[in-house]
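Below is one structure, written out as structure tokens; the observations come after it.
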Amino acid sequence: MSKIQREPTKLVPIPSVNRIPERDIDKSPILECQHLGIDFGGLSAVKEFNIAIGRTEIAGLIGPNGAGKTTVFNLLTKVYQPTRGTILLDGVDTHSMDTAAVNRAGIARTFQNIRLFNNLTVEDNVKLGLHNSIKYGMWQGIFRLPGYWKEEKIAHERAMELLSIFDMEPLAGHEAGSLPYGAQRRLEIVRALASNPSLLLLDEPAAGMNPSETAELMENIVKIRDTFGIAILLIEHDMNLVMGICEGIAVLNFGQIIAKGTPEEIQANPAVIEAYLGKRKEEAK
Amino acid sequence: MKSIKLKQHTKVDFATYAGVIVAFIIVTLMRSNGLLGRSTIGLLVPICCYVTMAVSLNLTVGILGELSLGHAGFMGIGAFTGVIVSQAMLINGTESVPLRLFAAMFIGAIFAAVFGFLIGIPVLRLRGDYLAIVTLAFGEIIKELITCLLVGVDKKGLHIIFNYNGLKTVSDLHLAEGGQVIIKGAQGATGTNTIASFTAGVILILVALVIVLNLIHSRTGRAIMAIRDNRIAAESVGIPITKYKMIAFVTSAALAGAAGALYGLNYSNLVASKFDFNTSILCLVFVVLGGLGNMWGSIIAAVVLYVLPEELRALGDYRMLIYAVVLIIVMLTTNSSQFKSLAGSLSIRQSKKGVTER
């Protein structure tokens, strides 16, 4: 396999970077992608992906199926190593980090196909999100030293506090795999939040939810942003959700950003309409 | 909620400890009243060793979720290290049996852990079947390496020859007057002072249980089980996969080493070929039959399946046939959904949780 070639890091401002909300404008963006791209064999799954996300922004990433949205998430979390380009997380290049290190640096995510620790309890799932903030070692655990009791107590309280965002405390003792679908999606968000991120990536959080559940989820996403003061980037097909809560939206088609802007701008953008609905008959002729 | 949950697994843990202690008391009473035959008494120490092996292997297979087929190799390292330690201490004037037993098991565990670490470096990069096959290979390599060892001890210390081409003999060890040869290559360890006892075995089981059960219900164990359940999700919440895989693998190897040390000190003659693939599979059978991740299940499976073939000796040629049939029946019943739902409705765990079966 040939060695992955990377272009040198460029820190010059890129004109195609989207606007970030006014309240975040004076602060550096939490995430900045420059010329990000990945090839699978001869196929460029993502190319020239440039985006900036403000510190407390709710941003949306939309696009038709197979556009490369989840691939972008996998690049950001280093499930895939980018072929080109730079990811700056709070100004720090994540090039040399692996998935676990990226999480410790501040990106947490959920998955399109839910990935919970199915045989563990709901509470343990959240405590695993808290893993890196629980400070005791293996030996303290084995010999049940005071550090174990103290830290486990704190972790338990913190886990319950996080579960209360979605009113899930009563489920704490249940096996995660036995939860209903919607609760599993919510648990994934709680687990991601537990790892204390500064940027939360949500991959189709409303998939499989009915309209009232989606409405509740929208409120909760805004609530999470307001309470934790973090940035959220979400992939979603539900346009009510995207247009309702996202402040900035990027549209991806065939691995490339075809439009960026506010919900209003995106809705009026001809390129977006074409990507979603195809060309008008008379135009196509 | 937490208090109930805590009580649940703590209850199961303490029931397991209590079960082992009660079994120990019953066996000891039966023994002092002459109710146990000579052959049964001879089985007590090996049973303890295999129970510890099953518990430790369950950490790798049931908790970490990686199939290891070379567990007997770590037992072998522990056995021969233990024999060397014990004999060396005896020659150098330490006669206290508990002290020698402890030192043998402790150093046996450390040696097995070191080998576990070294083997873990390449092995834990692999997954699934590949990992299983490579552990199998390492188990066999360990066995062959031990077969090449010539070890003697005298007042000056240990004399070790790695007899890879088979040309060296015991006289090449150049032992001083009063020295003793401990390991004679393929003949294995001979003339070992057998100091292993049932009490030591039960203490070993309890120590192994405390370590494994407390590990499982701590931050470390949670991380290990998270890797088993979903590796990608575990990485996504910042858990360093290799580190926790290594912790589980090395702990498992260390406990196998301690069990091996006790095993080695139970026989005056011991050959390395005892710790072959068959022994690894035997331990794996205990774990699978007892239930993956289920420690008390492993204990019961190890005791029953170790005792059964011995007690069936009276049946002569049909012995292994019946053993195999029993294995198949147990596998079928424990895996059938009817049996599971029956067991589920009986156990407190399920009824308390009231969660629907998947």
Side-chain angles (χ1 to χ4, degrees), chain A residues 77-79 98-105 107-111 114-121 123-125 127-132 134-144 148 151-153 155-157 159-160 169-179 188 191-192 194-196, chain B residues 1-10 13 62-63 65 207-244 246-248 250-251 254-255 292-293 349-350 352-358:
Chain A
T77 53
K78 287 307 191 70
V79 175
D98 63 6
T99 306
V102 166
N103 174 268
R104 290 192 290 269
I107 299 182
R109 73 174 291 185
T110 66
F111 296 87
I114 302 172
R115 290 179 182 275
L116 287 170
F117 308 122
N118 286 336
N119 298 312
L120 303 183
T121 62
E123 185 184 338
D124 279 350
N125 269 268
K127 280 186 180 170
L128 278 156
L130 294 166
H131 184 82
N132 285 310
I134 302 175
K135 302 280 178 229
Y136 71 86
M138 171 183 160
W139 296 106
Q140 280 178 302
I142 288 177
F143 296 113
R144 292 285 190 260
Y148 165 86
E151 289 287 324
E152 281 292 314
K153 187 165 173 279
H156 167 69
E157 282 160 8
M160 287 302 159
E169 305 104 305
L171 299 173
H174 288 227
E175 244 176 51
S178 69
L179 293 183
E188 259 206 322
R191 184 184 66 188
S195 64
N196 196 24
Chain B
M1 208 66 212
K2 165 79 172 193
S3 61
I4 294 168
K5 198 212 85 193
L6 243 185
K7 269 179 198 158
Q8 262 173 25
H9 71 64
T10 318
D13 291 2
I63 304 298
V207 169
L209 277 175
V210 168
I211 290 177
V212 171
L213 291 174
N214 280 356
L215 183 73
I216 294 173
H217 300 303
S218 76
R219 172 177 175 267
T220 316
R222 266 201 307 267
I224 294 168
M225 290 189 283
I227 295 168
R228 171 195 68 189
D229 276 9
N230 203 315
R231 195 182 59 84
I232 293 174
E235 272 182 307
S236 86
V237 289
I239 292 168
I241 305 287
T242 318
K243 178 184 162 190
Y244 284 100
M246 192 62 100
I247 287 178
V250 168
T251 309
L255 292 173
L292 293 177
R349 187 165 165 264
Q350 288 289 14
K352 256 197 181 164
K353 278 203 284 181
V355 175
T356 46
E357 283 258 341
R358 261 168 299 142

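Quick note on labels: first sequence line is chain A, next is B, and so on, each numbered from 1.
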(Q) Working note: A:Leu120 + B:Arg228, criterion side chain to side chain contact (heavy atoms under 4.5 Å, CB included); need CA distance, chi angles, decisive distance, verdict. (A) CA-CA 11 Å; A:Leu120 303 183; B:Arg228 171 195 68 189; 4.2 Å; yes
Q: Check the pair B:His9, A:Thr121 against side chain to side chain contact (heavy atoms under 4.5 Å, CB included), reporting the backbone distance first and the verdict last.
A: CA-CA 12 Å; B:His9 71 64; A:Thr121 62; over 6 Å; no
Q. Would A:Tyr136 and B:Arg219 satisfy side chain to side chain contact (heavy atoms under 4.5 Å, CB included), going step by step from the backbone distance to the final call?
A. CA-CA 8 Å; A:Tyr136 71 86; B:Arg219 172 177 175 267; 3.4 Å; yes
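Residues B:Val237 and A:His131 fail the side-chain proximity criterion, which asks for heavy atoms closer than 4.5 Å. Between B:His217 and A:Glu152 the shortest side-chain heavy-atom distance does not fall below 4.5 Å. In this structure, B:Ile232 and A:Phe111 have side chains that are in contact, with non-hydrogen atoms separated by less than 4.5 Å.
Residue A:Leu130 does not touch chain B at all, counting heavy-atom pairs closer than 4.5 Å. For B:Thr220, the part lying near chain A is the side chain, with the backbone staying farther off; criterion is any non-hydrogen pair under 4.5 Å. Contact annotation for B:Ile247: only side-chain heavy atoms (C-beta onward) come within less than 4.5 Å of a heavy atom of chain A.
The candidate from A:Val102, A:Val79, A:Ile134 with the greatest count of non-hydrogen atom pairs under 4.5 Å with chain B is A:Ile134. When A:Arg144, A:Arg104, A:Arg191 are compared by the number of non-hydrogen pairs under 4.5 Å with chain B, A:Arg144 comes out ahead. Annotation: maximal heavy-atom pairing with chain A below 4.5 Å, among B:Ala233, B:Ala234, B:Pro240, B:Gly293, occurs at B:Ala233. When the candidates A:Asn132, A:Leu128, A:Ile107 are compared by the number of heavy-atom contacts under 4.5 Å with chain B, A:Leu128 comes out ahead.
For the side-chain hydrogen bond (donor to acceptor under 3.5 Å, both in side chains) test, residues two or more places apart in sequence or in another chain that qualify with B:Asp229 are A:Asn119. Residues satisfying the side-chain hydrogen bond (donor to acceptor under 3.5 Å, both in side chains) test with B:Asn230, not counting sequence neighbours, are A:Arg115.
Interatomic distance, CG of B:Asn214 versus CD1 of A:Ile142, reported as 7.5 Å (0.5 Å rounding). B:Ile211 CD1 to A:Phe143 CZ: the interatomic distance, rounded to the nearest 0.5 Å, is 6.0 Å.
Residues B:Ser218 and A:Gly141 approach most closely at CB-CA, 3.9 Å, considering heavy atoms.
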